Amino acid sequence: MPARPPRPRTRKVSVTVESAARTAPAAVIVAIDGPSGTGKSSTSKAVAAKLGLSYLDTGAQYRAITWWMITNEIDTDDPAAIATAAAKPVIVSGTDPGAPTITVDGLDAAGPIRTQEVTAKVSAVSAVPEVRALITQLQRDIAAAAPAGIVVEGRDIGTTVLPDADLKVFLTASPEARAARRSGELKGVDVATTREALLKRDAADSGRKTSPLAKADDAVEVDTTELTLDQVIECVVTLIEEKRAAK
Ligand code: DC
């Protein structure tokens, strides 16, 4: 009697894998860059929440390391001192878009990183190459671990941190619109003062040598000056859905 052919043991597994691939969308990596006051944070959080993605505020990480430098009395005008201390703080970012968190050495830093002192010093600290190398690696590790994908907002995400992102968006807005939005958030600071501080910080962030604020060649530029937040969110969600459909 001829021997029975062996059972196709791999068949069931391959069917399961194929159907899983059909139902679960592939992880999607979205980079959202632009200067301050263009709506990056509000847009990124809302888009991530809507699509079930993780969210990372990279500006908060640079603010966190700046806060650590200030509280540890490192001279923020001394790049060599900053470089020597850069690896000491342990920065942990929580990536739930509904409740993003940031801790430094186990301490909640969400409040302290938003002070005017940190805002005034963060450009100098974030320009130090050793700081950028450490924070960039941290950002890449977080993005790689996000189960469904992630929306990462910053200044150099599309150009340097995640150059292979599925979608890159560069948000812009007129200095007047940006200053009006920011001074609305910073109660008691007038629009003219906010505009001056924003432009000063943009110049420092765009002019630094290591991974400056810049639009990636393949980024979609969205001018938010005349758009409502809901319109910007809708626009980015549509761009992501188009990318997902093409994947
Ligand atoms: O987004 P924000 O205003 O909180 O960012 C604070 C500063 O951090 C900003 O002035 C420049 C710096 N930054 C950076 O250099 N690279 C990033 N990817 C994000 C922020």
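As the structure is a prediction and not an experimental result, all values here were calculated from the model. Note: hydrogens, waters and symmetry copies are ignored here, and every other heavy atom, side chains too, is used. Just so you know, ligand 1 is whichever comes first in the structure, and atom 1 is the first atom listed for that ligand.
- Listed for the T71 side chain is a donor-acceptor partner under 3.5 Å among the backbone atoms of W67.
- The salt bridge (Lys or Arg N to Asp or Glu O under 4.0 Å) analysis of residues 32-45, with sequence neighbours excluded, yields no pairs.
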One pair to check against side-chain contact (heavy atoms from CB on, under 4.5 Å): Q61 and I102. What are the steps and the verdict?
CA-CA 8 Å; Q61 297 175 317; I102 181 123; 4.1 Å; yes

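- Residue S123 has at least one heavy-atom neighbour below 4.0 Å for each of these atoms of ligand 1: 10 (O).
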Start with the C-alpha distance between I240 and V237, add both sets of side-chain angles, then the distance that settles side-chain contact (heavy atoms from CB on, under 4.5 Å), and finish with yes or no.
CA-CA 5 Å; I240 295 173; V237 166; 5.7 Å; no

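- Proximity of E153 to ligand 1, defined as any heavy-atom pair under 4.0 Å, is not found for any part of the residue.
- The distance from ligand 1 to the heavy atoms of S126 drops below 4.0 Å at these ligand atoms: 12 (C), 15 (O).
- In terms of polar-atom proximity, D57 is not counted as a contact of ligand 1, lacking any N or O under 3.5 Å from an N or O of the ligand.
- Taking distance alone, with nitrogen or oxygen atoms compared against 3.5 Å, K40 stays at or beyond that limit from ligand 1.
- Between the side chain of T160 and the backbone N or O of I157 there is no donor-acceptor pair closer than 3.5 Å.
- For atom 1 (O) of ligand 1, the closest heavy atom belonging to the protein is R155 NH1, 2.9 Å.
- If you check which protein heavy atom lies closest to atom 20 (C) of ligand 1, you get G59 CA, 3.5 Å.
- Counting protein heavy atoms only, atom 4 (O) of ligand 1 is closest to R63 NE, 2.7 Å.
- The local environment of CG in D217 is sparse, with at most 12 non-hydrogen atoms from other residues, nucleotides or ligands closer than 6.0 Å.
- At a heavy-atom cutoff of 4.0 Å, ligand 1 is contacted by no atom of Q61, backbone or side chain.
- Note on residues 95-108: pairs passing side chain to side chain donor-acceptor pair (under 3.5 Å), not counting sequence neighbours, are W68-D105.
- Distance from atom 16 (N) of ligand 1 to its nearest protein heavy atom, with residue and atom name: R132 NH2, 3.0 Å.
- If you number the atoms of ligand 1 from 1 as listed, the ones under 4.0 Å from a heavy atom of G154 come out as 18 (N), 19 (C).
- Any N or O atom pair closer than 3.5 Å counts here, and S36 shares no such pair with ligand 1.
- Interface of D156 with ligand 1, defined as ligand atoms under 4.0 Å from a residue heavy atom, comprises 16 (N), 17 (C), 18 (N).
- Closest to atom 11 (C) of ligand 1, if we only count protein heavy atoms, is D205 OD2, 3.2 Å.
- Looking from atom 19 (C) of ligand 1 to the surrounding protein, the closest heavy atom is T58 OG1, 3.3 Å.
- Atom CD of E196 has 12 or fewer neighbouring heavy atoms from other residues, nucleotides or ligands inside a 6.0 Å radius.
- Side chain of T228 to main chain of Q231: a donor-acceptor pair is present (N/O by atom type, distance under 3.5 Å, no hydrogens or angles).
- No donor-acceptor distance shorter than 3.5 angstrom exists from the side chain of T159 to the backbone of A216, with no hydrogens or angles considered.
- Proximity of R208 to ligand 1, defined as any heavy-atom pair under 4.0 Å, is confined to the side chain (atoms from C-beta onward).
- Residue contacts with ligand 1, taken as heavy atom pairs separated by less than 4.0 Å, involve R114 solely via side-chain atoms from C-beta onward.
- K215 NZ: more than 12 foreign heavy atoms inside a 6.0 Å radius.
- Of all the heavy atoms of R201, the ones lying under 4.0 Å from any atom of ligand 1 belong exclusively to the side chain.
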